[in-house]
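Shown next, in structure tokens, is the structure this report addresses.
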Amino acid sequence: MRVVLIIFLILLGSNFYGQNKKADSLKKLLNQYQQDDTRKVDLLNAIGLEYWITDTGESLKYGNEALLLSQKTKYLLGNAKANRVIGVAYWAQGNQNKALQYLTDSQKTFQDINNEEGIANTVLNIGMVYADLKQYEKAIQNYNLAIDNFTALDLTSRIATTFTKIGAIYIERGLYDDARKYISDALKLHNQNNFKYGVAEAHNRLGILYLNERKLAQAKYHLERSISIGKQIDDKDGITSNLIQYGKLLRIEKKYDPADIHLQLGLERAKKSNLKKYELLAYEELKELNKLQNKSDEALKYYDSYVQLKDSIFNTEKSKQIAYLEFENELEQKNKELEFLQEKEKVDNLIKSSLILGIIVISISGYIILWNNRQRSKRNKELLEKRNELLKSKEILAKQAIENARLKQQELKQQLEFKNKELTSYTINFVQKNELLEQLQGTAALAKKATSKEKDRLIDELNKTIRQNLNIDKSWEDFKRFFEEVHVGFYSKLKSRHPDLSTNDIKICSLTRLNLNIKETASILRISPESVKTARYRLRKKLELKPNQEIFTYLLGLESK
């Protein structure tokens, strides 16, 4: 009965999907201000901010209007806020490259006008972008800096929001105790400030945490609290997440029918809002649910949808990471160019000052000894002209050298990216090949139980084909060749440092250096995940690692030496 009531409340809340009463009331005030009134910029930014949760498209619309008007009126504070509204809207849509661009511009403008709260907010938002790009170290660095700034300003609500973001990263990393501490502190602060969105978000994260720990009673409490509060504020992202997580909870409790209802609702909302990560999670859960109910056809259908979407997301995330690296390099290049231009401007100003001083001295001397200094003045002018020509020639040569170096660096970078893509593609094909062969062998084993002679003949042929294709020695040789082209000298450094490593140890090291998880490694090596764990444990001993030292970190450091 309780589950049915929750579903009813969610459906009731969905009737208001897309409405934003506060934004509507603010829009009615727009006509009260002229186009050159900075108060209109503030109003447009406030409307864009209200749409962050409910409609990112509208948020972009009003943010861009505010940006154009702030540029026209030269209103720097409005300009900084507009860039932040647009940046966060792009982040919510998953366009991290544009999000970084606008948020970086917002932060710079806030710094120019010395607005401490604006600086802190953009630092937090930039951390959110890095978190989505899985640049967790940079994300944590920005979050901690934001907390320091919010603490100095005594903005407890913003501190709580940042705590929740940090907790979410720790959940991703499996550091549940650290995550619980941060999110619990966030929930306490949000309750004190009566910030409903923050309370709903914190309950959602705690629900996910306890669900991962299989503490179902605590997970149910927090998810139900998040659902109840989230429908009041029409939090699209939060409602979608809660539906799927609650469906997962019901599946674990073997309440299959209500679990299916929640997961289908979550899938529908995820598709409508283009929330790919939740759509992927819904497919995975629906596959597991139908598998438990022995609905093999339905389970296979959802599995196919899961695989297709996962491949799409994988390619999208890789594109985002490449775009981020390009943006970061471009930003670094711009900073270097700016420093160069600033230094050049100082030199030019110094030269101009020196020239002016020299002209004054020459003029005074000319009044005293007019005829004698006429020829000297002429020679000095010629010398100055030659010096300026020389400076211009040196400047042109310097620019050409910088451009040549940049093009060379870009060429090397493209070559490395191409080889990385080849290695990634080869690894994925490797996994897919082994998974296909294992699936065929499993099918043959199941069909073998039948009594028909014809099936036995087909099964024998399947097993023969599988045995012919299971020889992966050549595949490993090809893999090693691709790997060595990207990670030059990796094997020689590893064998030089640890000559007693076996062939299997070398394989484990290669796959770990590619940051593959246990399941992916097991699929490639055709062993069980438990065997991979055992192999990694033995490898740690051979590498003489400390208890808190990760194999991936060690291999990364070894390669860089």
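On a predicted model such as this, the values are computed, not experimentally measured, just so you know.
The main-chain N or O of L60 is found under 3.5 Å from a side-chain atom of N64 such that the two form a donor-acceptor pair. S70 places a side-chain N or O within donor-acceptor distance of the main-chain N or O of A66, the cut-off being under 3.5 Å. Looking only at distances, a side-chain donor or acceptor of T122 sits under 3.5 Å from a matching main-chain atom of G118.
A perpendicular orientation is assigned to the rings of F163 and Y182, their planes being inclined by more than 60° (bins at 30° and 60°).
The shortest non-hydrogen separation linking I229 to V199 is CD1-CG1, 3.4 Å.
Under the rule for a side chain to side chain donor-acceptor pair (under 3.5 Å), R536 has no partner lying at least two apart in sequence or in another chain. Take S241 and apply the side chain to side chain donor-acceptor pair (under 3.5 Å) test, not counting sequence neighbours, and it matches N204.
A donor atom on one side chain and an acceptor atom on the other are found under 3.5 Å apart for N193 and T156.
When side chains are defined from C-beta on, L103 counts as touching V88, because their heavy atoms get closer than 4.5 Å. Side-chain contact between I244 and L263: present, with at least one pair of heavy atoms (C-beta onward) separated by less than 4.5 Å. T512 has its side chain out of reach of C509: every pair of non-hydrogen atoms, C-beta onward, lies at least 4.5 Å apart. Side-chain contact check for Y302 versus E288: every heavy-atom pair is 4.5 Å or farther apart. For the pair L69/L44, a side-chain contact is recorded, criterion being any heavy-atom separation below 4.5 Å from C-beta on.
For K291, the NZ atom is loosely surrounded, since the number of other residues' heavy atoms within 6.0 Å does not exceed 12. Dense packing is recorded around CD of Q32, with more than 12 heavy atoms of other residues, nucleotides or ligands lying under 6.0 Å away.
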